[in-house]
Structures are given as C-alpha cells and as structure tokens.
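Just follow the structure's listing: the first ligand is 1, and inside any ligand the first atom is 1. The basis for the numbers below is simple: all heavy atoms, side chains too, and nothing from hydrogens, waters or symmetry mates.
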Amino acid sequence: MKYKSNLIALLLAGTFFSAAAQQPEVIVVNAAKSEGKVSPEMWGVFFEDINMGADGGIYAEMVKNRSFEFLKPLMGWSVKGKKIGEGDLLVQNRKGANLANPRYLRATIKGAAKGEAGISNEGFKGGMGVKKGLKYDFSLLYRQITPGITLHVELLDEENKVLASGSMKPIDASGEWKSQELSFTADATAAKAKMNIWFEGNGVLDMDMISLFPADTWKGRKKGMRRDMIQMLADMKPGFIRFPGGCIVEGIDLANRYQWKKTIGPIEERQLIMNRWNVEFNHRPSPDYFQTFGLGFFEYFQLAEDIGAEALPILNCGMACQFNTAEVVALDQLDPYIQDALDLIEFANGDADSEWGKVRVSMGHAEPFHMKYLGVGNENWGPQYIERAKAFQQAIKAKYPKMNLIFSSGTGPDNDEFRYLDKELRGMKADIIDEHYYRSPEWFLKNAARYDNYDRQGAKIFAGEYAAHIKGDATGSNRNIWEAALAEAAFMTGLERNAAVVNMASYAPLFANTEGWQWAPDLIWVDNMNIYGTPNYHVQKLFSTNKGTQVSPALADGKSLSGQDGLYVSAVVDSIKKEVIVKLVNTNTTERTKQVTFEGIKKLAAQGNLTTVKAALTEQNSMEKPSNITPVVSSLKLRGKNAVVKMPASSFVMLKVSYK
Ligand code: AHR
C-alpha cells in the first residue's frame, strides 16, 4: 500500500514538473542538519516616536500640549466664552521652582456661568477619538489661589454635540499644587472630538498637566498605552523591542538628543523637548510634534516585559545627527554620556540598594529588567564615531562584560562609510553590528544572499532598520504595497538562512498616523479610532511567530534558493514545538509548484499547514480594507516525506509540519 502511494506521488510529481524541466524540481529540507541556531531575539520591532508613534500614538494621552510647554504655550488650546477678557488667562512661568515643567495656566474668573468662560483642546492629529460606552479619565494639577471655580469638562463631536461630561470642584485650598481626577463615560462615538473645560464661579485657579486618557489602556494601566496598538505588537511575539529610535536618539543637536534620565520619575517632572521630526522634512511639517516623555524608559522596559521581548535601548554616543548639525561632544567631555549608559544598566538590572536600581524600584518594579543589549549610537559614522564607540565599549565592558553592545554601521549597507565602519568595528571586536537599509524592492531581491558569506566567527549582525521603498510618486500608506512586502519576505529568507550570523532584525519605522506621518512606508497605520497591519506587518508576523530554533538547509540541486527562477526559500526546525517550517517566496507573476522533501525526520505528520499570502504587486491594505491582504491558512496532505507546494503568482507561502 505504501509502495503504491509513493509510486503515485512520483508519477504525480513527474507531471507537475515536466513543464519546468530546467528548474530545480525538488527542495530538500534536511531537518537533521543544523546550519546554526535561531536566536530567540531574531525577529523584533523597532520603535521610534516618529509619525506620532509615541505622543499621539501608543501613549494614550488625548490632550495635546497638556503642560503648556510647546514652543507656543497655547498650541492645541483655544479660549472660549464671552466672560474671558484680556489677562484672564495667563501662561505663567515658575522657572526656578520647576525647571522641567515651568509653565502653567492661570485663570482669573469673575462671575462666569457654565458656557461663558473656558478653554478647549483639539487633541492630537485630527482630534480625539471618543468611543461610545468607554470611560475617560480626566485629571489635572491645580493650585487654588482664590477658591471658587468649578470646572465643567465635556467632550464634543464635530457638530458640538456633547458626548460625555462631568464636573469637578477643586478640593484642596492650601494654595499648594495638588492633583484631582474626574471620570465620565461617553454616550456616543466621534472620531474627531474635542474637549472643553468651562470655568464657573469667581476665583483664581492655576492649572497644569491637563490630561485625558481612555480607561481601556493596555493592561488597564492608568495613563497607559493605547491597547489596540500594543496588542498588534504583542501579536507579533517580537524577540526584542528597540527604543527609543532612530534619529531621535541623536537629536538635531546635542541639546535635542534623547536623554533617558529625563524620561523617568513623576511625569510632571519629565522635561518636554521638541520632537526632531517636527522640523525634519519641509514637505511634511509637524509644528505640533513634541516629546512629552509621558512614555519614558521605565515604560519602555515595562512594555518589553509585557510582550515578552528583550529590551534593546539605543543611547546617544556624544554625536548629534550627522544629517543635521553633526555636533559632537569633545572626547574629553564624553564621560557624562558614558556614565548615562552605565547608569542605565544599573537602572535596568541593579539591586534595590544601588543608586539607579533604587529609582527603578521606586517606580514600581522591584525585579530587575534583565537587560542584555545596549546600542551605542544610532546612525553615526566616521572616525569620530569609532573614537567614541571605543570609549563606550571600554568603560561598559569593564563593568558589565556580558552586556551585548551594538554599534552602528552608518546609514547604508554598501557605501564607503559602511565599509570603513564594518572594518573598524570588527577590528575592535564589536559584539553586534547594526546595519540599516531603506532600499528598492529590487535591492532586497538582489541582496537576499547578502549574508551567505559573512564571517560566522566575528561580530553578529543586527539588521536594525530596513524596509523596501518603492519608486515613484506614492506617498504615505500607499507605499506599503505588496511588491515591497514580498521583496522583504524574499530578503528575510536570506536573513533566516543566515541566522547563525544575523541574530536580530527589525522593520522600520513601526507606527504611523494617517494624519500625522513624516516617513513612509511603515509597518502599522493608525488613526484616532482604527488600526491596520500592512502586508509588511503580516510578513514580519509570519516570520516572528514561526522563527524556529535552528536553521535547516533547504536545497534545490544542492543549492539554497535565493532568487533562482524568482524563488527564495528558507527552513527552520522548532525543536520545542516539534515543527519543521519552510518559507517560500515566489516573485514570479505566474504560479510555481515545488516538491518539498523532508529528510532527517522519522515521524512526520501526514498533514501540514500551508499559509499563503498573495496579491497583485500594487495591492495594499487600508483603513477601509484592513484585511485586503491577509494570510490564509489551509491544510496540505503530505505523501510520505514529500509535500507538493503550489506557490501562486507573487506569493509568500509557509509550510509547517509537525513531527514526533
Ligand atoms: O526609521 C526612520 C529613520 O530612518 C530613523 O529614525 C533613522 O535611524 C533612519 O534614518
């Protein structure tokens, strides 16, 4: 019986493949042979506050400019009502008393009824997304100079219909700064709502940190993160989360760099700075883009822990963005920057009695975060970088020899700058080299074998930022077409095949707001109410949720497939789940069929799962059609150790088979 079915399989295989006689017909996956371990951190995510990724993004704060610290102190706010006259609303500055958050708003109200004197906040890009039945938590810091004002807070839709409201009489009359909260539930939905605060009565009231959060944050944490966005990340099961960038690490100049110590502790003491993407692109001006740091390093570590990812912070190495000012700190003044790195490790991993470990504990995390990776600089280059990188390496390794340090290889994968850095970094025995490539789909296809000949003994590679950028006039989410995602999938088979040297990879950037982006393409698009994963997201997710534990050779005519006849293939075994997983990319505009033969497995299941993602190259997902391109799972019967896999035109196909 067995003999008969094998015979039929052979005959069938013969008919399938006679048409393409010159092409490899059989792909042999030898599951008993390991070509290297797949690092548990292989597929991760790159997070940066770009495209409204943090403020106006995962950080669920709905009030724009809550502390009046934007360049224009009343940006995002407007004054309302006939009983507000000249000088009744003043932005005051307590510099000296509160260096990080000096401004506040003083309201002097003289006998106003509700609706006669107030302020209104427009929310982030496009207004506030308000959902029917959802509770909202309003809060503020206040100081009553002359008690007597009651606040009426209301959320309104575009037609000024009230969606939710509540009133608050400040309780404390000591003249000290206090906080108070008020919650209300919306009885209707609006995508572009705003918030009014009416002042009723007589009195003088100082206000700061005027805030509104939805109650349905990620894990229900108060003043936490937008749940739908974090869920999309959690669903990817990323091996790491790189933060906080990206170029915001470097800053336009050193003063504008990211400084982690200013992002922890009470949020009202975190000093806001302008987001460098505010002014980066003339064609995408974002004058209201600032970093409040309500989402800071503690929250990033906590997020990493929540989603089971390794935290991978990147720190400034004493160099501002070399595309901007290219300001560097003098070498003899580099110590504070290096100290920041040492202190960060102590903050993340130190005991409760260490100086910085104590700070972590005081923020509510007694256990260490067990940080293993640290990036030194983002896209920095030149001898100036190497000098600084060496100083960081020496100091950090002296104190924390096991910390895996990641160094930049510049902005591109194949220029002089890259070759210089690659040589220098290998010379200084860098643990991990961070390579970035924003290139055309063609580049990704041509470079799928990039790592086949990389030195296995030297530095490991972190493909820290990459995305296929299509040519032409497309802007925004239109750039996330299937052609780009398919090219990335093809390239990722090369990363996977070379997991022995490529230990980490992340697409970039991660999030973008449809009304507030600066850079595209991006992995996940959101607006105030909705979210969708691009085709690129599905590709990333399929790799990261099927990463396996070791690489198996997948050979056709004794060679791995990285572009022959438009096909790209990689295979992994998951020795924990007992699965063998083959990923195949067909970049042809016609179907291909291959026989996958599994060697080195005694008891293979009789049936596998076939996941197929296919589309025309120009197709994409959108808010209107979020699932236009989505993986479809079917089952596939094996014939003994053989599976006949049909790869539709322009498709990414994944075959997963269990074994005992
Ligand atoms: O991902 C967008 C930007 O691209 C990053 O901030 C930077 O590192 C790179 O140039």
Side-chain angles (χ1 to χ4, degrees), residues 44-55 57-58 233 238 240-253 256-258 273-281 283-284 286 289 291 295 300 312-317 319-326 374-382 385 389 406-415 417-418 421 432-440 443-444 461-470 475-477 479-480 484 488 504-513 516-526 534 536-537 540:
V45 291
F46 161 95
F47 180 84
E48 177 170 17
D49 193 2
I50 183 173
N51 304 317
M52 316 301 292
D55 284 289
I58 63 172
L233 296 189
F240 64 88
I241 175 164
R242 171 187 171 142
F243 59 87
C247 289
I248 65 166
V249 170
E250 299 153 54
I252 290 171
D253 55 16
N256 182 243
R257 74 189 191 277
Y258 197 102
I273 60 172
M274 185 190 76
N275 188 307
R276 58 144 312 138
W277 297 106
N278 182 315
V279 287
E280 188 63 24
F281 296 130
H283 62 289
R284 300 291 308 167
S286 305
Y289 201 2
Q291 291 178 265
L295 177 60
Y300 284 126
L312 197 164
I314 306 279
L315 294 185
N316 186 295
C317 64
M319 300 177 78
C321 178
Q322 287 161 273
F323 288 118
N324 293 142
T325 60
L374 177 64
V376 178
N378 177 46
E379 280 183 348
N380 298 114
W381 67 81
Y385 175 61
I406 298 167
F407 295 96
S408 157
S409 64
T411 58
D414 40 23
N415 49 16
E417 170 194 288
F418 171 84
L421 288 174
I432 302 169
I433 299 177
D434 180 9
E435 296 189 0
H436 292 184
Y437 16 85
Y438 297 103
R439 290 287 191 272
S440 66
W443 184 93
F444 278 87
I461 300 300
F462 171 28
E465 292 184 32
Y466 64 90
H469 283 208
I470 55 159
T475 60
S477 57
R479 307 198 79 201
N480 285 103
E488 287 152 12
M504 298 170 152
S506 45
Y507 181 99
L510 185 54
F511 288 112
N513 185 308
W517 58 272
Q518 294 83 38
W519 178 295
D522 303 285
L523 204 60
I524 298 167
W525 286 83
V526 303
T534 59
N536 318 65
Y537 172 82
Q540 291 291 323

Task: Set of side chain to side chain donor-acceptor pair (under 3.5 Å) partners for Tyr300, sequence neighbours left out - done: none
TODO: Applying side chain to side chain donor-acceptor pair (under 3.5 Å), name anything that partners Asn380, two or more places apart in sequence or on another chain.
DONE: Gln322
Nitrogen or oxygen contacts under 3.5 Å, ligand 1 side and protein side:
from	atom 1	to	atom 2	distance (Å)
ligand 1	1 (O)	Tyr438	OH	2.7
ligand 1	1 (O)	Glu465	OE1	3.4
ligand 1	4 (O)	Tyr438	OH	3.3
ligand 1	4 (O)	Glu465	OE1	3.1
ligand 1	6 (O)	Glu48	OE1	2.6
ligand 1	6 (O)	Glu48	OE2	3.3
ligand 1	6 (O)	Cys247	N	2.8
ligand 1	8 (O)	Asn378	ND2	2.8
ligand 1	8 (O)	Glu465	OE1	3.1
ligand 1	8 (O)	Glu465	OE2	2.7
ligand 1	10 (O)	Glu379	OE1	2.7
ligand 1	10 (O)	Glu379	OE2	3.2

Task: Nearest-0.5 Å distance that lies between atom CD1 in Ile524 and atom OG1 in Thr534 - done: 7.5 Å
Open item on the list: Can a side-chain donor-acceptor contact be found between Asp49 and Tyr289 if the only test is distance below 3.5 angstrom?
Closed with: yes
- [ ] Pick out which of Pro509, Cys247, Ser286 makes a side-chain contact (heavy atoms from CB on, under 4.5 Å) with Ile50.
- [x] Pro509
- [ ] Applying salt bridge (charged side-chain N to carboxylate O under 4.0 Å, His left out), name anything that partners Arg276, two or more places apart in sequence or on another chain.
- [x] Glu280
